[in-house]
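Side-chain atoms are counted along with the backbone in the values below, which use heavy atoms only and exclude waters and symmetry mates. First the proteins, then the strands, lettered A, B, ... as listed; each starts at 1.
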Amino acid sequence: MFTYKTVFLNTIIIILTQLICIVSASAESKLSAYKIMQLNDKQRKVADEKVKVDMQLVNKKGKVKKRVIQITTQTDTADLQKSMVRFLEPRSVKGTGLLTIEYTDRADDQWLYLPALKRSRRISPADQSDSFMGTDFAFEDLRAEDLESFNYELKGEENIEGVSCYIIQALPKTKEKQAESGYTKRLLWIRKSDYIAAKIDYFENDELLKTFTATNIKSVAPNIFRAHETKMHDIKTQHKTLLSYGTFTINKGLQKNLFTVRVLENY
Amino acid sequence: MKTYLNFIVNNPKLVLTLVLLLTLMLGSGLTRLEINNNQESDLPEDDEIVQTNKRLEAVFGDKAVLMIGLEHPESIYNLNTLQKVQALSEEIKSIPFVIDDEVTSLSTFNNLKARDWGLERAPFLKKIPQNQKDLTQLRQDVEASEEVSGRLVSKDNTFTVVIANIEENFDQATVANAVFELVERFQGPEKIYVVGDAIQAQEIDGGIQQDVSVLLPTALGLIVICFFLCLRTLRGVLLPFSLVLLSILWTMGSMGWLGLPVTVVSSALPALMVAVASSYGIHVMLHYYDSVESRESRQQIVATALEKVAPAVLMTGITSVIGAMTLVIFKVSSIQEFGFATSIGILSATCLSLTFIPAVLMLLKEKKAKHSEMLDSKLDQALESMTLWVYTHKVKTLVIAFSCLSLLAFFGLNSLRVGQDFVKYFDEDHRLRIAFEKFNNKLGGARYMDVMLVGDEPNTMEQPELLKVVEAFQDYAEAMPEVGYTNSFADVISSINSALHDNKPEKRKIPNTEEEIAQYLLLYSMSGDPSSQSDLVDYDHQRVKIRIMLTTSEQDDHKRLLENFKNWTQTHVPDTVKVEFGGEVLFWLAQIRYIVLGKVQNIILSALAVLIFCSLIFKSLTGGLLSILPLTVSTILTLSFMGILGLRLDVGTAIITAIGVGIGVDFSLHYLKRLIAIATNAANQIALSTAMILTAKTSGKAIIFDTISNVAGFSVFILSGFQPLQFFGWLISLMMISSALGAILLFPPVIALFARKFIYSQSIKPTQASTDTHLKNKNLKASTVN
């Protein structure tokens, strides 16, 4: 029987089902974006990793500065990282080192060793948004993703160099996080095949600041993939940093007490 | 000429229609008129300074500077002021064209300092101090830092500055408006002062607009009063007044069409046109009233007046254009453009006075002038007795004139100084001038010179020996009282060296090895992004820039400093390293150099041009020499007075002579033409002295009217907010008066002694002679001497 009551009920049911659809859809995408980022994180975090990197800094006019560094990192079970960066070239800065130790409850510890002074100095930790060693990479671009501090959302899919990628938008969850970071938004293209980021766009207030691209992505250890060529391009200054990675040594175990001031100074 | 005159007289309506059409066409160019105050466009592209500046810009970026100073009456170390510094440093980035990662202030400037726990590298004002201890710490840090104390914060702790680099292609109005809007919000209790390229440019342009809106109506008002005093009829006021308005419209409109911008210099043009066009109008009207006396038909009256006045108007118009066009020799583009624009203006006035005025007069019923008999006879008497005196005391007059002139020239020209200071463009209580004073007194200046050292290959500037030279140069420069401070890459290295050695002051120096420097640089590059360290050293460390802040705005000081710096670098910097000098102060120096050079060329050239032109017209060198006599006298007099009164030769005053030449020569030509006409008219049969008295009473009177209207017109420049324009007003008046006196007082003795033959050798056209008969009748009672 056709009554106002049934019309009313039907309307409510339709609205409700639609609402449920919307909610579940967004919940699903949230979950899957988060999941993708988790898988990406898993790729990046290994127990230990050592690699030689050729850096090329290129300015607007095409002038090039070359440096070679060696990066050694160790990640413990609590996901905290220790890292040692050592300059190998050019000759004038050979041996210069930076030791960083992460803590959960306080700011990182950093020590700098300048061979010309023959001693190390503890230095105030860099801000997340500070440049890493004078490159276009900020410290936050290089460290592991802090999954709980961002809201991830799947924005679509796109092929990059023939490989299908998820496009994921990352927004800082809190004002504090946003203030700490140099960005208000990131768009990440995560490859479906190996969960490595092939491209990242960094934004500040909807203005594109930098673009990261990764190529030559290969397996370097069982189930571990790494990009061997990466580029960070600063859109405003037109300055570029090109990183070319040598052989990755992953999960091969490191010597004990490697991440100490004594080792830093003993070069 | 005859056909032309007939055309005007017979087709007044057609002529007026054509004038109207042309006015509409040219006037529409007003919408295209632009105001330009870009310094660089003022100098020739191949100039050494322009070139060096271009190289500096190529290496260190195309940037202009914006400085916002905060002054607190007691101390800036309080919560409120520091919060403002922090907020300003952030909000200044929202100003259009500000390069947002190139803001320097307490809250961005990195303090590298050894602490108990290690090495700190963070901005001085990273967080607002919450207690007295932190506040004291901040003050101690600032006072201990040579890079900040006296540079970002005054030594007396009452003044601090936020500096931003802005893109060179900035829009000055946008920047200035945004800055002043920002300043408005932050004002009080702190006082805020702003300086910077965009601000200066906008203040000057704003001043131009303000000046024009004040000067022009005032000038017009004065002119109307002048016309009325001289002619005392409605048409005598309205016609020359319309001529003035139309000439301005034509000139400014043509500037719009030709793409000539309004600059500080050419903003004077409307007022200048008032003076020029009014003088043309007076001449035509005086001749018209002269003709009306003959009681002939309207057509005859206008034709006669036109026939008599047209040759003189054309001749003076052409000589004035020649005078103005000699300004083109100046290598400073704003003065060149002014020369062009003035020429257009004079041509407009010439053209309109021979078309527009007669055409209107043809449509009006002829009317006599209402002379004030008393004033006229008083003026006649004065002119007559003056002429008689100088004629009878020929030698005495010349000896007195020559000795006075020599004496003045000796003292005046010797003390004539060259140079300018754009800060002094403004009145003493102008906010920009006050701001400059503050920056000078508190922070070592807002004006600067740059020195660039260029090594022969990349990384040269990492060599300790070279950085030690840079350091020594800075020590040398800073020992000079006019130098506020200097700033260079060597300072950065020294301060890192000190911080890495527990802040030991004795370690504030360049280390001894290249390795140390390279490693310090790596540390330095770890703070800040990779492209922003380019302010003091270039990307591959081949070039360094030393910025020298100056507390003096005096160009003589700038010149001397530059000399000293050049000498020092020649003896101390190795030959493999090239040294270049640039910076805004040098730009102004270069401009002045061109002005002095252009000035000398200009005086000679314009005098020569007038000499040649007039010699050709009179077919006699004596005639040419006579023509330039009054203007030569007045040029020497004017320049001497400038020296004695301490007025300096700068962009504004430099224009005077060329304009003065053009207008000054009017007097010579009107006087000489009339004298020749009267003296050689066989029908008159009068002695030279009588002819001179008659000339004084006619042309001499016109010259006096001219001078009065010119001085009245030019005197409005004195109301200008810009000092060069004020001086311009004083000097052009002085020049006019001295030319008038030169013509009226020096022509009689000089001609009687040296040029009697020239006068009588000039043949006179019968038409002109015949029209002078009524004049003869009128003045027959004039006394005869000799």
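- In this structure, B:L500 CG and A:L112 CG are separated by 8.0 Å, a value rounded to the nearest 0.5 Å.
- Here the closest heavy-atom approach between residue A:V58 and residue B:Y539 is recorded as N-OH, 3.6 Å.
- With a threshold of 4.5 angstrom between heavy atoms, A:F87 approaches chain B through side-chain atoms but not through N, CA, C or O.
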Inset, instruction - Could you walk me through whether A:K65 and B:D540 pass the side chain to side chain contact (heavy atoms under 4.5 Å, CB included) test, one step at a time? - result: CA-CA 7 Å; A:K65 271 193 252 190; B:D540 44 15; 5.6 Å; no
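- B:K468 NZ: more than 12 foreign heavy atoms inside a 6.0 Å radius.
- Summarising the geometry of A:K63 relative to B:D538, their closest heavy-atom pair is NZ-OD2, 4.4 Å, with the distance given to 0.1 Å.
- Heavy-atom contacts from other residues, nucleotides or ligands closer than 6.0 Å to NZ of B:K127 number 12 or fewer.
- Interatomic distance, A:R121 CZ to B:H501 NE2, rounded to the nearest 0.5 Å: 8.5 Å.
- Counted within 6.0 Å of CD on A:Q238, heavy atoms from surrounding residues, nucleotides or ligands total more than 12; the atom is thus considered enclosed.
- Residue-environment remark: NZ (A:K50) stays at or below the threshold of 12 foreign heavy atoms within 6.0 Å.
- For A:K60, no part lies under 4.5 angstrom from a heavy atom of chain B.
- For A:L114, the parts lying near chain B are the backbone and the side chain together; criterion is any non-hydrogen pair under 4.5 Å.
- Note that OG of A:S92 and CG of B:N459 are 7.0 Å apart. Values are rounded to the nearest 0.5 Å.
- Heavy-atom minimum distance, A:A116 versus B:E515: CB-C, 4.2 Å.
- Within a 6.0 Å sphere centred on NZ of A:K177, heavy atoms belonging to other residues, nucleotides or ligands number more than 12.
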Inset, instruction - For A:R91 and B:E514, run side chain to side chain contact (heavy atoms under 4.5 Å, CB included): C-alpha distance rounded to whole Å, both residues' side-chain angles, the deciding distance at 0.1 Å, then the answer. - result: CA-CA 11 Å; A:R91 196 185 44 79; B:E514 225 173 309; over 6 Å; no
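- Looking at A:P90, neither its backbone nor its side chain comes within 4.5 Å of chain B, counting heavy atoms on both sides.
- Within 6.0 Å of atom NZ in B:K84, more than 12 heavy atoms from other residues, nucleotides or ligands are found, so the atom counts as buried in its surroundings.
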